[in-house]
Amino acid sequence: MSSLSGGASSLAGFTKLCKGIAVVLVGGHIVVQILPAAVNYLALIPARTIPFAWNLITAGYIEPTIYGVVISTIGLLFMGKILEPIWGAKEFVKFIFIVNFLTSLCVFVTAIALYYIRMEENYLYMPLSGFYGVLSGFLVGIKQILPDHELPLLRIKAKWLPSIILLLSVAVSFFIPEPAAYLPMLVFGTYTSWIYLRFLQRRPETKFMGDPSDDFSFSSFFPELLRPIIDPFAAIFARLCCGKRQTSSEAQDYELGDNPLPGSDPIEASRRRERGARALEERLAAERLAAAQTAQESGKDAMESV
């Protein structure tokens with residue numbers, strides 16, 4: 001009884017939304033195991049994407065291997081447990097949908113480009129699927145909200161997790177037969193999630209979009225030594241992608257007497273990190289309290305049985 005209650009209490013810490021999405025991932029894996037032909041319609045196969053455009057959405061929720069579905073489910077439950085209470089359920093679902101779709105779209109365009117460059121049909125007909133792009137996006141979200149939170153076992157700050165995972169993935173890709181099955185999704189998932197959080201995410205507390213703080217700049221993914229080289233190129237890209245919005249913000253700044261707009265300085269980013277750290281501490285405290293109550297109940301049951 002105590003083991004069952006302990007398992008129930010640990011499972012209760014995960015949000016209902018994350019559990020529901022986990023069921024979708026497990027269900028997608030079961031479907032492609034029972035009906036292997038379903039991969040042709042649900043996974044991203046670039047040569048078939050034009051008639052089957054929905055696979056730009058469905059591919060992210062199809063895990064063909066048991067290892068993939070286990071990793072994706074665990075990553076979703078634990079990282080969603082941190083992000084969803086801070087973002088809210090609506091924003092959490094929106095983030096997953098946008099990052100998943102943009103990741104699949106970038107992978108599709110890259111596969112077509114590689115086919116025309118190398119003229120290898122493998123790029124057109126290789127089934128690509130998995131939740132890895134969204135998982136890497138979750139790491140970017142944690143980097144934004146809890147950059148200075150230190151992992152207890154690894155002694156690594158959370159802000160370096162996306163960079164470390166990408167570096168390890170690139171290194172491992174040299175020793176496995178089909179790195180294209182997962183590496184592009186990790187890369188594009190990291191990059192598209194950063195673009196969304198940096199420029200597009202609407203923040204209810206300020207009614208402005210994005211996170212312009214220096215701690216969340218593109219160069220923050222790289223060591224300090226490389227940032228002076230990366231910053232000029234990142235600034236050019238930011239102007240190309242978001243020049244109109246930045247120009248509009250600059251005009252409004254001028255009208256306000258060169259006072260920074262709410263949410264356009266590091267103060268808001270600092271407040272967001274404080275809220276994230278406070279939410280994490282409250283959640284950990286609630287889990288410890290639940291564990292203590294479970295231990296007391298099991299102790300009482302043992303005494304009564306004696």
Side-chain angles (χ1 to χ4, degrees), residues 7 10-30 32 43 57-87 89 91-104 107 128-147 149-154 156-173 176 179 181-194 196-197 221 276 279-280 283-284 287:
S10 62
L11 189 62
F14 303 123
T15 66
K16 292 181 179 179
L17 177 58
C18 289
K19 293 177 186 177
I21 300 174
V23 170
V24 173
L25 294 177
V26 175
H29 173 72
I30 294 174
V32 297
I57 298 175
T58 59
Y61 306 103
I62 301 300
E63 288 289 356
T65 65
I66 186 64
Y67 303 106
V69 74
V70 169
I71 292 172
S72 296
T73 301
I74 293 175
L76 166 67
L77 292 175
F78 281 95
M79 289 191 282
K81 185 179 179 181
I82 297 173
L83 295 172
E84 186 192 338
I86 298 173
W87 285 348
E91 177 60 31
F92 187 71
V93 171
K94 182 180 177 182
F95 177 85
I96 291 176
F97 179 83
I98 291 176
V99 172
N100 176 55
F101 175 75
L102 291 180
T103 299
S104 296
V107 170
L128 302 170
S129 63
F131 203 62
Y132 313 120
V134 177
L135 291 181
S136 61
F138 286 161
L139 291 177
V140 176
I142 293 174
K143 168 187 171 67
Q144 180 196 35
I145 296 172
L146 300 168
H149 179 71
E150 196 172 76
L151 301 183
L153 297 178
L154 302 178
I156 298 173
K157 290 187 176 181
K159 64 181 179 180
W160 294 116
L161 285 178
S163 304
I164 292 173
I165 293 299
L166 279 183
L167 183 62
L168 291 176
S169 300
V170 172
V172 171
S173 67
I176 61 175
Y182 75 94
L183 187 59
M185 289 190 173
L186 285 173
V187 173
F188 289 121
T190 301
Y191 190 55
T192 56
S193 62
W194 174 79
Y196 174 73
L197 296 174
F221 289 83
L280 180 61
R283 193 174 306 112
L284 292 175
E287 291 177 358

**OP:** Kindly give the heavy-atom pair with the smallest separation between S193 and S136, and that separation in Å.
**Re:** OG-O, 4.5 Å

Subject >> Minimum-distance pair of heavy atoms, taken over all atoms of H29 and T65 >> reply: CE1-C, 3.5 Å

**OP:** Of all the heavy-atom pairs spanning G75 and L135, show the shortest one and how long it is.
**Re:** C-CD2, 3.8 Å

Original post:
Going from CD1 on I74 to CE on M79, what distance comes out if it is rounded to the nearest 0.5 angstrom?
Top reply: 10.5 Å

**OP:** Could you tell me whether the side chain of T73 and the main chain of V70 form a donor-acceptor pair under 3.5 Å?
**Re:** no

Subject >> From CD1 (I62) to CG (L25), nearest 0.5 Å >> reply: 8.5 Å

Original post:
Closest heavy-atom contact between I82 and L146?
Top reply: CG2-CD1, 3.9 Å

**OP:** Identify the heavy atoms of G80 and C18 that sit nearest to each other, and give their distance.
**Re:** CA-SG, 3.6 Å

**OP:** May I ask you to decide if the ring planes of F92 and W87 are parallel, tilted or perpendicular, using 30° and 60° as cut-offs?
**Re:** tilted

**OP:** Verify, without hydrogens or angle tests, whether N100 (side chain) and I57 (backbone) share a donor-acceptor contact under 3.5 angstrom.
**Re:** yes

Subject >> Sidechain-backbone polar pair: S72 side chain, V69 backbone, donor-acceptor under 3.5 Å >> reply: no

Original post:
Tell me, do I96 and Y61 make a side-chain contact under 4.5 Å, heavy atoms counted?
Top reply: yes

Original post:
Where do T103 and G189 come nearest, in terms of heavy atoms and distance?
Top reply: OG1-CA, 3.3 Å

Original post:
Taking the six-membered ring of F221, is NZ or CZ of K143 closer than 6.0 Å to its centre and within 45° of its axis?
Top reply: yes

Subject >> side chain to side chain contact (heavy atoms under 4.5 Å, CB included) assessment of L151 paired with L161 >> reply: CA-CA 10 Å; L151 301 183; L161 285 178; 3.6 Å; yes

Subject >> Y132 (side chain) donor-acceptor with A181 (main chain) under 3.5 angstrom >> reply: no

Original post:
Hey, what do you get for CG (L186) to CD1 (I165), rounding to the nearest 0.5 Å?
Top reply: 8.5 Å

Original post:
For the atom pair CG (L83) and CD (E91), what is the distance rounded to the nearest 0.5 Å?
Top reply: 10.5 Å

Subject >> Heavy-atom donor-acceptor pair, T192 side chain to L102 backbone, under 3.5 Å >> reply: no

**OP:** Mind running side chain to side chain contact (heavy atoms under 4.5 Å, CB included) on V140 and Y191 for me, showing each step along the way?
**Re:** CA-CA 9 Å; V140 176; Y191 190 55; over 6 Å; no

Subject >> Pairwise distance CD1(I71) to CZ(F131) - rounded to 0.5 angstrom >> reply: 13.5 Å

Subject >> Between CG on residue L139 and CD1 on residue I164, distance to nearest 0.5 Å >> reply: 10.0 Å

